Amino acid sequence: MSKEKASLPKGTRDFTPDQMIRRNYIFHTITEIFQRYGFLPIETPAMENLSTLLGKYGEEGDRLLYKILNSGDFLKALDKADWKDPDPASISMKICDRGLRYDLTVPFARFVVQHRSEIPFPFRRYQIQPVWRADKPQRGRYREFYQCDVDVVGSDSLLNEVEMIQIIDEVFTGLGISVTVKLNNRKILAGMAEVIEQSERLTDITVGLDKVQKIGVENVKKELLSKGIPAASVEKLNPVWDLRGSIDMKLKTMKEFLAGSETGMQGIKETEEVLDFLKPLEMVSRLEVDMTLARGLDYYTGAIIEVVADDMEMGSLCGGGRYDNLTGVFGMEGMSGVGISFGADRIYDVMEHFSLFPDEAVHSTRLLFINFGAREAAYCLDLLKKIRRAGIQAELYPDAVKIKKQMTYAHNRGIPFVALVGEEEMKEGAVALKNMATGDQSKLSLTALISELRR
RNA sequence: GUGGUCGUAGCUCAGCAGGUUAGAGCGCCAGAUUGUGGCUCUGGAGGUCGCCGGUUCGAAUCCGGUCUUCCACCCCA
């Protein structure tokens with residue numbers, strides 16, 4: 001019989017207890033802040049109907065969706081043409097009705113529409129769950145990863161954008177990560193496309209703009225030209241490349257640039273308003289207005305936000321923005337929302353890189369009882385019950401193996417105290433307590449032991 | 001999805017112009033110490049050299065494929 005080799009699908013990972021304790025530290029920090037801002041938790045299924053997911057993330061996004069093969073005889077759905085001249089895209093649509101969720105925002109929009117009668121608007125929810133993308137794995141890029149989302153739907157107020165940025169600031173200062181928060185507005189990008197008379201090429205332009213820091217202005221210009229955007233239009237963008245200096249200076253230049261675009265000016269106005277609210281709030285993280293920040297997701301319509309770690313190449317740690325009509329595709333118009341999403345796995349990698357995890361995060365068993373045999377073990381069980389009731393994390397070694405082995409186990413697990421209760425201690429009604437750090441050992445009564453460990 | 005890269009003991013890695021029984025450190029197990037971990041000493045176990053196929057008298061070493069890792073592009077948390 002051939003043995004199966006233990007392995008995992010590409011891009012997925014197990015988490016060891018050590019890692020889970022650290023991951024939970026991140027989740028707890030984030031959850032606590034979400035709750036403090038009055039957000040309510042929800043969960044949605046790992047799989048959604050494929051129709052819910054398709055078309056929401058752009059062409060690239062559709063490619064990265066994991067599709068689930070239908071149960072039963074899924075081949076029935078195919079006709080002769082499919083067999084003769086197979087087209088993977090159309091075939092997959094016929095044999096897959098469901099897919100794994102790609103993010104938490106679209107399922108949330110679906111949730112809102114479906115539960116509209118039960119939800120008090122504006123609805124503030126948070127959601128921490130894994131998502132799946134069929135991307136090629138790299139550092140900071142996994143096929144299964146956790147997102148931590150907060151969204152407000154049913155409110156146009158820019159106060160929501162302000163709160164999102166506050167939450168970002170609190171989360172990252174809470175975790176001790178130094179970040180830069182980048183802010184832009186889709187309306188500004190749309191205005192730019194308008195001003196250079198290339199509105200219909202908005203996506204190409206934003207994708208190009210997004211690459212400026214990475215490949216440089218000249219290469220971006222080349223790319224735009226190669227995509228068929230006229231040289232005259234590309235040249236008109238020059239003021240955007242040259243943006244320098246303070247936020248106010250950038251906005252001033254952009255106002256002149258966008259003067260002819262109503263949409264663009266609206267974007268500027270919104271951005272200024274958010275910044276005005278933020279000003280007296282004194283953020284810890286650096287806030288930047290970045291006119292080249294694009295964000296790929298198609299559904300953003302207003303503010304767009306991205307957070308990157310300082311002094312480390314790690315993509316974005318958090319991203320989000322305003323989407324005016326996500327629920328519209330599910331038949332519920334006029335419902336605007338803003339939301340952000342924290343990438344827990346990237347946050348973990350950054351914290352690991354900078355050694356930002358506190359030691360106290362590892363809180364496990366404090367006292368181990370050595371097992372001397374059935375009679376002694378039964379006696380220890382009774383002591384354990386009282387010790388646990390006193391709130392002390394304690395356990396009994398399950399097998400009556402050599403003391404040395406049991407001591408080694410305690411040592412390897414970092415358990416600070418060991419209790420030895422053999423025949424002699426049972427007779428005396430005492431417990432021999434050994435402090436593993438100092439090596440000191442003394443005989444104590446149960447109450448003395450409890451008060452010792454409580455310190 | 002395109003291009004490249006890595007893969008030897010549980011871990012980190014050495015070995016490789018093809019040639020007897022594939023090594024080290026750490027870890028693990030046992031003993032020195034039959035009611036005591038960490039330190040020390042002694043001994044031991046553990047490898048289809050990612051997987052499949054090819055070239056060769058002979059392959060960990062060369063070639064092809066495949067899977068995995070990491071990287072660039074694309075895109076993104």
Side-chain angles (χ1 to χ4, degrees), chain A residues 2-13 26 30 57-65 88-89 101-105 128-149 168 203 206-208 210-211 214-215 219 223 293-298 305-309 313-320 339-350 368-373 376 397 400-426 432-441 443:
Chain A
S2 73
K3 269 182 197 147
E4 177 85 19
K5 191 178 171 189
S7 69
L8 232 33
K10 190 181 190 148
T12 65
R13 301 146 302 152
I26 294 174
I30 290 176
Y57 309 108
E59 211 177 301
E60 184 70 10
D62 285 355
R63 208 195 78 215
L64 299 177
L65 279 175
R101 63 165 168 256
Y102 177 92
D103 73 354
L104 300 178
T105 308
I128 297 177
Q129 288 190 275
V131 302
W132 295 269
R133 296 182 189 179
D135 225 331
K136 200 166 246 180
Q138 272 178 49
R139 177 169 33 132
R141 174 181 293 184
Y142 307 99
R143 285 184 165 175
E144 178 185 64
F145 60 96
Y146 272 71
Q147 292 196 327
C148 314
D149 276 36
I168 289 171
T203 306
T206 53
V207 167
D210 207 29
K211 290 187 197 167
K214 206 167 178 181
I215 63 176
N219 288 323
E223 200 169 306
L293 171 64
R295 305 230 80 239
L297 294 178
D298 278 359
I305 303 165
E306 182 166 271
V307 182
V308 294
E313 286 292 320
M314 179 47 89
S316 54
L317 300 184
C318 175
I340 49 172
S341 178
F342 293 84
D345 304 79
R346 283 188 180 172
I347 290 173
Y348 182 99
D349 290 347
V350 170
L368 175 79
F369 273 80
I370 298 295
N371 188 327
F372 282 90
E376 290 89 343
Y397 196 90
V401 295
K402 281 185 188 152
I403 312 304
K404 187 185 169 81
K405 194 179 167 82
Q406 300 189 44
M407 294 298 289
T408 305
Y409 173 79
H411 179 249
N412 288 343
R413 281 214 25 211
I415 297 171
F417 294 96
V418 166
L420 299 102
V421 184
E423 211 175 320
E424 200 179 314
E425 285 83 0
M426 281 172 69
L433 182 71
K434 172 156 181 161
N435 180 322
M436 294 293 277
T438 62
D440 296 342
Q441 187 169 324
K443 274 188 194 171

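We use all heavy atoms of the structure for the numbers below, so side chains are in, but hydrogens, waters and symmetry mates are not. All values derive from a computational prediction rather than experimental measurement. Residue numbering restarts at 1 for every chain, and letters A, B, ... go by the order of the sequence lines.
- Look at the C1' atom in both B:A22 and B:U36: the space between them is 40 Å, to the nearest Å.
- Of the candidates B:G35, B:U36, B:C75, B:C75 carries the atom nearest the A:Lys211 side chain, counting heavy atoms from C-beta on.
- Here the C1' atom of nucleotide B:U33 and the NZ atom of A:Lys402 are 11 Å apart, to the nearest Å.
- Checking each of A:Thr12, A:Asp349, A:Asp135 against A:Tyr142 for a side chain to side chain donor-acceptor pair (under 3.5 Å) leaves exactly one that passes, namely A:Asp349.
- Summarising the geometry, atom CZ belonging to A:Phe342 is positioned 9.5 Å from atom CD1 belonging to A:Ile128; distances are rounded to the nearest 0.5 Å.
- Within 4.0 Å (heavy atoms only), A:Val207 reaches sugar-phosphate atoms of the nucleic acid but no base atom.
- When the P atom of B:G1 is taken as reference, atom OH of A:Tyr57 falls 20 Å away, rounded to whole Å.
- Rounded to whole Å, the separation between the P atoms of B:U68 and B:C74 comes to 24 Å.
- Distances from the side chain of A:Arg141 to the nucleotides B:C75, B:G37, B:G1 place B:C75 closest.
- Among the protein residues, A:Gly11 comes within range of the sugar-phosphate backbone only, with heavy atoms under 4.0 Å from sugar or phosphate atoms but none that close to a base.
- Comparing atom distances between the A:Leu420 side chain and each of B:U36, B:A30, B:C70 picks out B:U36 as nearest.
- At a cut-off of 3.5 angstrom, the base of B:G35 holds at least one donor-acceptor pair with the side chain of A:Glu425.
- Between the CD atom of A:Glu376 and the C1' atom of B:U36 there is a distance of 16 Å, given to the nearest Å.
- For A:Gln138, taking side-chain heavy atoms from C-beta onward, the closest of the listed nucleotides B:G37, B:C76, B:A72 is B:A72.
- Looking at heavy-atom distances under 4.0 Å, A:Ala437 makes contact with a base.
- Rounded to an integer number of Å, the gap from OH of A:Tyr142 to C1' of B:C70 is 12 Å.
- For B:G38, neither phosphate oxygen OP1 nor OP2 lies less than 4.0 angstrom from any side-chain nitrogen or oxygen of A:Lys404.
- Atom P of B:C29 sits at a distance of 16 Å from the matching atom of B:G46, rounded to the whole Å.
- A 4.5 Å side-chain heavy-atom check between A:Asp103 and A:Tyr57 finds at least one atom pair inside the cut-off.
- Comparing A:Asp135 and A:Gly439 along RNA chain B, the residue whose closest nucleotide (by nearest heavy atom) sits nearer the 5' end is A:Gly439.
- Comparing B:G37, B:G35, B:A30 against the side chain of A:Met407 picks out B:G37 as the nearest.
- OP1 or OP2 of B:C73 lies within a sub-4.0 Å distance of a side-chain N or O belonging to A:Lys214.
- Separating the C1' atom of B:C52 from that of B:G15 is a span of 24 Å, rounded to the nearest Å.
- Note on A:Phe342: nothing from the nucleic acid sits closer than 4.0 angstrom, heavy atoms only.
- For A:Asn435 and B:G38, the CG to C1' distance is 13 Å, given to the nearest whole Å.
- Of the nucleotides present, B:C29 is the one that pairs with B:G43 by Watson-Crick or G-U wobble criteria, both distances under 3.5 Å.
- Across all strands shown, the partner of B:G64 is B:C52, judged by Watson-Crick or G-U wobble contacts whose two distances both fall under 3.5 Å.
- Between the side chain of A:Arg346 and the backbone N or O of A:Gly140 there is at least one donor-acceptor pair closer than 3.5 Å.
- Of the C1' atoms belonging to B:U42 and B:U33, the separation is 13 Å, rounded to the nearest Å.
- On the C1' atoms, B:A59 is 11 Å away from B:C49, given to the nearest whole Å.
- With P as the reference atom, B:A60 and B:G18 are 13 Å apart, rounded to whole Å.
- Using a 4.0 Å heavy-atom criterion, one finds that A:Gly58 contacts no nucleic acid atom at all.
- Taking atom P on both nucleotides, B:U5 is separated from B:A9 by 22 Å, rounded to a whole Å.
- A donor-acceptor pair is defined here as one N or O able to donate and one able to accept, closer than 3.5 Å; no such pair exists between the side chain of A:Arg13 and the backbone of A:Phe145.
- Nearest nucleotide to the side chain of A:Lys136, out of B:U2, B:C73, B:G31: B:U2.
- Considering only side-chain N and O atoms, A:Arg139 lies under 4.0 angstrom from the phosphate OP1 or OP2 of B:C71.
- A straight line from CG of A:Asp349 to P of B:C71 spans 10 Å, rounded to a whole angstrom.
- When the C1' atom of B:C75 is taken as reference, atom CH2 of A:Trp132 falls 20 Å away, rounded to whole Å.
- Residue A:Asn412 places its side chain closer to B:C28 than to any other of B:U69, B:C70, B:C28.
- Checked options A:Gln406, A:Arg413, A:His411, A:Lys405; the residue passing with A:Tyr409 is A:Arg413 (criterion: side chain to side chain donor-acceptor pair (under 3.5 Å)).
- A:Arg143 places its CZ atom 11 Å from the C1' atom of B:G1, with the value rounded to the nearest Å.
- Picking from B:C70, B:G37, B:U36 the nucleotide with the shortest atom distance to the side chain of A:Gln441 gives B:U36.
- Along RNA chain B, the nucleotide nearest A:Asp345 and the nucleotide nearest A:Lys405 are compared for position; the residue whose nucleotide lies closer to the 5' end is A:Lys405.
- Residue A:Cys148 is out of contact with every strand shown, counting any heavy-atom pair closer than 4.0 Å.
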| Hey, mind stepping through A:Trp132 and A:Arg101 against side chain to side chain contact (heavy atoms under 4.5 Å, CB included) and telling me if it holds? | CA-CA 6 Å; A:Trp132 295 269; A:Arg101 63 165 168 256; 4.1 Å; yes
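- In this structure, A:Leu368 CG and A:Met407 CE are separated by 8.5 Å, a value rounded to the nearest 0.5 Å.
- In this structure, A:Lys10 reaches the B:U68 phosphate: one of its side-chain N or O atoms is under 4.0 Å from OP1 or OP2.
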